[in-house]
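Note that this is a predicted model, so its numbers are computed, not measured.
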Amino acid sequence: AKVEGIKLLEKRNDSNQNDVHIWLNPQNGIKIAKFIAEKLSEIDPDNSQKYQKNLAQFIKEVEFSGENIQTHLSEIKGEYIFYHDGYQYFEDYFGIKPLMIVSYNHDSELTFGSMKKIDALTKEGRVKCIFGVPQDERNSAMKLAENYKIKFAILDLIGLKERQKPNGYSALLRNMADDMTSCLK
């Protein structure tokens with residue numbers, strides 16, 4: 001978060017703290033990669049050209065993916081709920097907005113006020129999908145979707161599916177967009 005030029009967003013429920021999910025903004029991802037490539041080049045100057053070549057390829061891939069994701073997500077309108085507030089940077093960068101966010105912390109469960117709002121939104125037929133993080137699969141987010149007979153999908157914001165794959169960062173962003181559009185069809 002201290003890398004120069006990183007876009008920081010405040011937590012939605014606490015303006016005294018920054019949201020830590022900075023990597024979900026592709027421009028932040030590029031700035032972090034540049035910082036890493038510079039540091040590696042300082043530590044290991046013999047391989048500096050390799051680091052710079054990899055950085056250039058990374059930037060090209062992220063920019064290409066970002067354009068495709070933007071097109072892919074442009075059709076999405078607020079027909080969904082995020083159970084966990086971890087996607088703010090992704091939302092901000094790609095210009096999407098959920099109908100509501102249920103929980104602002106991993107530890108908190110559904111409140112009565114949130115339940116009333118979800119009930120109203122679902123009765124109006126406005127919610128097509130609830131998105132959660134992998135941990136939500138075994139708790140309230142999935143149960144909520146089952147109770148209201150709406151779709152549930154996991155949005156993997158840390159890249160569990162992409163581990164050890166080339167272009168993992170771009171794949172993480174693309175998979176999130178694909179999972180969103182698949183659930184909202």
All side-chain contact (heavy atoms from CB on, under 4.5 Å) counterparts of [X], not counting sequence neighbours:
X: Q70; answer: F94
X: I36; answer: I32, L40
X: E146; answer: M142

Between Q52 and N47 (side chain of the first, backbone of the second, donor and acceptor by atom type, cut-off under 3.5 Å), is there such a pair? no
Residue list, side chain to side chain donor-acceptor pair (under 3.5 Å) with S74, at least two apart or on another chain: none
Considering all heavy atoms, the nearest I130-A145 contact: CD1-N, 3.9 Å
Would you call [X] and [Y] a side-chain contact if the rule is heavy atoms closer than 4.5 Å?
X: F152; Y: C129; result: no
X: F90; Y: I96; result: yes
X: D156; Y: N175; result: no
X: T71; Y: E67; result: no
X: I30; Y: E63; result: yes

Suppose we call two aromatic rings close when their centres sit under 6.0 Å apart. Are F131 and Y83 close by that rule? no
Would you mind listing every ring pair (Phe, Tyr, Trp, His ring centres under 6.0 Å) that reaches into residues 38-79, with sequence neighbours excluded? F58-Y169
Got a sec, which residues hit ring pair (Phe, Tyr, Trp, His ring centres under 6.0 Å) with Y89, two or more places apart in sequence or on another chain? none
Qualifying residues under salt bridge (charged side-chain N to carboxylate O under 4.0 Å, His left out), relative to [X], sequence neighbours excluded:
X: K11; answer: none
X: D179; answer: K161
X: E61; answer: R174
X: K39; answer: E42

Out of the candidates I6, L9, L8, only one should pair with N18 under the side chain to side chain contact (heavy atoms under 4.5 Å, CB included) rule; please name it. L8
Does one hydrophobic cluster hold both V20 and I158, with members joined at side-chain heavy-atom distances below 4.5 Å? no
Side chains of residues 121-128: which donor-acceptor pairs under 3.5 Å do they make with residues two or more places apart or in other chains?
| residue | atom | partner | partner atom | Å |
| --- | --- | --- | --- | --- |
| T122 | OG1 | I118 | O | 2.9 |
| T122 | OG1 | D119 | O | 3.0 |
| K123 | NZ | D119 | OD2 | 3.0 |
| E124 | OE1 | R126 | NH1 | 3.4 |
| K128 | NZ | E79 | OE2 | 3.4 |

K50 and D44: CA distance, side-chain angles, deciding distance, salt bridge (charged side-chain N to carboxylate O under 4.0 Å, His left out) verdict: CA-CA 10 Å; K50 181 179 178 181; D44 181 17; over 6 Å; no
Mind checking whether Y87 and F82 have parallel, tilted or perpendicular rings, split at 30° and 60°? tilted
Heavy-atom count around K34 NZ within 6.0 Å, excluding the residue itself: above 12? no
Here the salt bridge (charged side-chain N to carboxylate O under 4.0 Å, His left out) pairs for residues 80-89, sequence neighbours left out, are R12-D85
